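So the structure is just underneath, and the comments pick up after that.
Keep in mind that what you see is a predicted model, and the values were worked out from it rather than measured.
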Protein chains: 2
Amino acid sequence: MIGLRPRLRIAQVAPPFVRVPPERYGGTERIVSELTSELVRRGHDVTLFAASTSFTAARLCSVAPRPLWGLAHYEAFPYELAQVETVARNAANFDIIHWHLDFLHWLLVDQLPTPSVTTMHGKLDPDSVRLMFAAHPDHPVISISESQMRPVSDLAPNWVATIHHGLDLGGTYRLGAGDGGYLAFVGRSSPEKGLATAIRIAIRAGVPIKIGARVGSSSQPYHDTEVEPLLGHPLVEWLGEVTDVQKVALLEGAMALLMPIEWEEPFGLSFVESLAAGTPIITRARGALPEIMRHGMHGYFAETDDDMVRAIARLDAIDRAVCRRWALDRFSTRRMVDDYECAYWRILEGGGVNATAAASAA
Amino acid sequence: MIGLRPRLRIAQVAPPFVRVPPERYGGTERIVSELTSELVRRGHDVTLFAASTSFTAARLCSVAPRPLWGLAHYEAFPYELAQVETVARNAANFDIIHWHLDFLHWLLVDQLPTPSVTTMHGKLDPDSVRLMFAAHPDHPVISISESQMRPVSDLAPNWVATIHHGLDLGGTYRLGAGDGGYLAFVGRSSPEKGLATAIRIAIRAGVPIKIGARVGSSSQPYHDTEVEPLLGHPLVEWLGEVTDVQKVALLEGAMALLMPIEWEEPFGLSFVESLAAGTPIITRARGALPEIMRHGMHGYFAETDDDMVRAIARLDAIDRAVCRRWALDRFSTRRMVDDYECAYWRILEGGGVNATAAASAA
């Protein structure tokens with residue numbers, strides 16, 4: 001691609017709460033990190049707006065002396081605004097600005113001299129989100145799944161593409177043997193992720209379950225009342241928050257990832273990581289899951305507890321190598337960055353005066 | 001004033017989280033309510049942007065079907081943005097826009113065709129706030145105390161005025177007898193408001209203390225470890241959250257308001273309410289307190305616990321009628337709205353093209 005396409009001056013704008021790449025949790029920051037590194041490797045001139053402790057091959061620009069995570073809102077929020085204003089003030093130095101902040105920058109994005117695009121990282125089903133889309137029909141957006149965009153697809157004439165996340169899965173995960181004799185759960189302890197349901201199903205199936213999960217402050221009540229009472233069962237092993245290394249081992253040894261999600265998951269990095277380890281998935285056909293895996297090929301979709309128990313009994317029919325190959329083909333950094341480069345060019349070539357100027361000047 | 005000054009078309013923009021006026025807590029919403037009612041009474045054409053359940057003599061404009069309090073951030077925040085954008089889209093219909101949102105609207109306020117002014121309701125000491133002031137030297141701001149503005153006064157060439165809050169104190173409070181034989185505390189259970197210190201001082205002085213307080217989620221740990229263990233003492237009466245009616249009775253009967261604040265309080269409505277009931281104050285000379293009361297006249301400033309105990313012994317030297325008269329003179333709705341009208345005219349007459357056009361067209 002280098003040599004055929006000119007070098008672009010690209011701004012990547014990440015949330016400034018945790019560093020890029022994140023130490024532990026931060027799906028958005030992980031994706032921004034992968035995207036930024038690969039764009040630099042491909043010869044683009046990339047400026048990364050992100051928390052000050054980020055490390056990147058791009059030019060790093062931070063407005064705050066430390067990541068904002070843990071600061072009180074009245075202290076953090078002016079930094080969030082200052083970050084957006086700093087990008088805006090420097091807009092003329094870029095050919096394209098790629099935002100990962102969901103909505104804050106929409107207040108001024110229509111006034112900028114440079115084309116912008118926003119990857120939506122969150123859920124788009126609240127009515128309030130419809131108001132924002134309705135007010136900004138011209139702003140180019142990229143979704144992380146088809147499912148995520150469904151609630152607002154009628155309001156987004158400038159929906160450029162769905163670009164599924166990609167990671168260096170081949171380098172991080174090996175094809176695991178899955179011979180640990182346990183099911184795995186990796187994610188938040190929350191009703192959305194269905195942890196209590198997963199534990200009950202594992203117990204009914206008589207199979208051990210190992211849980212790598214953190215408890216967010218908003219789901220503490222759920223954890224205390226629904227999950228905690230189940231943790232004493234001899235089949236249940238609670239690992240708490242796991243490191244990346246622990247997560248790899250947990251997934252590579254698991255018979256399956258058992259996560260009976262109870263919401264419209266916009267993407268779900270754990271699922272593609274599981275497949276990269278060769279570990280099939282048992283979940284519900286909600287949100288982005290039908291885009292991430294095929295029923296019967298990479299695991300099973302099941303609705304009821306009975307169906308889930310039956311799915312566990314049928315895991316021998318799944319070829320772990322097929323799971324891994326699918327994940328590495330579909331959810332690689334290379335595929336994701338190919339897609340983003342393509343989207344940038346579509347925006348620049350299809351765009352107005354500024355887009356054309358940028359494309360021909362480059 | 002009507003007849004001498006033309007009628008202005010004014011937008012008041014309140015935070016959309018609780019209704020105007022608030023049912024219980026919400027100092028900003030109470031002030032916006034007082035200001036809006038009185039501006040309407042004086043003949044101005046006022047549009048109030050606020051939560052949908054607000055009641056007002058002004059034209060009410062809401063972007064969300066219900067107040068945002070209690071919504072998840074990802075659901076509430078797009079409404080906050082949509083409110084700002086709705087004001088901006090309608091800017092040309094107003095002579096002046098008066099914002100009470102602290103900073104969010106600063107992203108687009110410099111582009112509006114109508115002069116704006118922001119009353120800062122929060123604390124201004126974080127470094128992040130300095131960034132916002134430095135980036136917007138031309139935006140007119142009003143502070144609620146001189147003390148509040150001190151951290152950024154070097155960065156605010158367009159600091160229009162300090163306007164202390166005003167309420168209908170004369171109509172709400174009578175001159176209380178203060179003969180209940182107790183000290184009062186009214187506010188949050190938090191280290192900033194010094195509740196644990198207040199209780200210890202009351203116990204040392206051997207005087208009962210009645211506490212009308214709520215426990216915010218962020219100060220729950222403080223409440224559990226510092227305050228809760230003291231509540232069993234026979235001199236201590238915990239009333240929990242109090243209604244407006246309960247608060248009036250609590251203050252009118254109190255010997256003094258004992259609130260040894262441990263932060264730079266930007267204003268503090270409880271203090272002027274206490275004075276309106278004739279109830280003197282024992283506190284520290286921090287934040288706006290030296291602007292709200294005079295030592296020896298309306299109560300006492302004291303730093304150490306010993307000084308506070310001695311101050312309780314000297315309450316007989318305070319004339320409750322003097323306290324009340326001071327509060328009614330200084331912190332009335334009439335005085336506050338006089339000041340705001342004056343500020344609006346200074347901005348419009350001192351302003352640029354649009355300000356002059358608005359003033360002469362009106």
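Within a 6.0 Å radius of CD in A:Glu23, other residues, nucleotides and ligands contribute 12 heavy atoms or fewer. More than 12 heavy atoms of other residues, nucleotides or ligands sit less than 6.0 Å from atom CH2 of A:Trp159. Other residues, nucleotides and ligands contribute at most 12 non-hydrogen atoms within 6.0 Å of the CH2 atom of A:Trp69.
Rounding to the nearest 0.5 Å places CE of B:Met132 at 8.5 Å from CZ of A:Phe77.
Interface summary for chain B: among A:Asp102, A:Leu104, A:Val63, the most heavy-atom pairs under 4.5 angstrom belong to A:Leu104.
Between the B:Ser128 side chain and the A:Ala76 main chain, no donor and acceptor come within less than 3.5 Å of each other.
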Walk me through it: do B:Leu108 and A:Leu108 pass the test side chain to side chain contact (heavy atoms under 4.5 Å, CB included)? CA-CA 6 Å; B:Leu108 53 67; A:Leu108 51 70; 5.5 Å; no
Side chain to side chain contact (heavy atoms under 4.5 Å, CB included) evaluation trace for B:Tyr74 with A:Asp125: CA-CA 10 Å; B:Tyr74 84 101; A:Asp125 47 1; 4.2 Å; yes
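At least one side-chain heavy atom of A:His136 sits less than 4.5 Å from a side-chain heavy atom of B:Glu85. Between A:Tyr79 and B:Leu131, some side-chain heavy-atom pair lies under the 4.5 Å cut-off.
In this structure, chain A has heavy atoms under 4.5 Å from both the backbone and the side chain of B:Ala82. Of the two parts of B:Arg130, neither the backbone nor the side chain holds a non-hydrogen atom closer than 4.5 Å to a non-hydrogen atom of chain A. Contacts between B:Val129 and chain A at a heavy-atom distance below 4.5 Å involve backbone atoms as well as side-chain atoms.
When the heavy atoms of residues 146-154 of chain B are compared with those of chain A, none of the residues falls under 4.5 Å.
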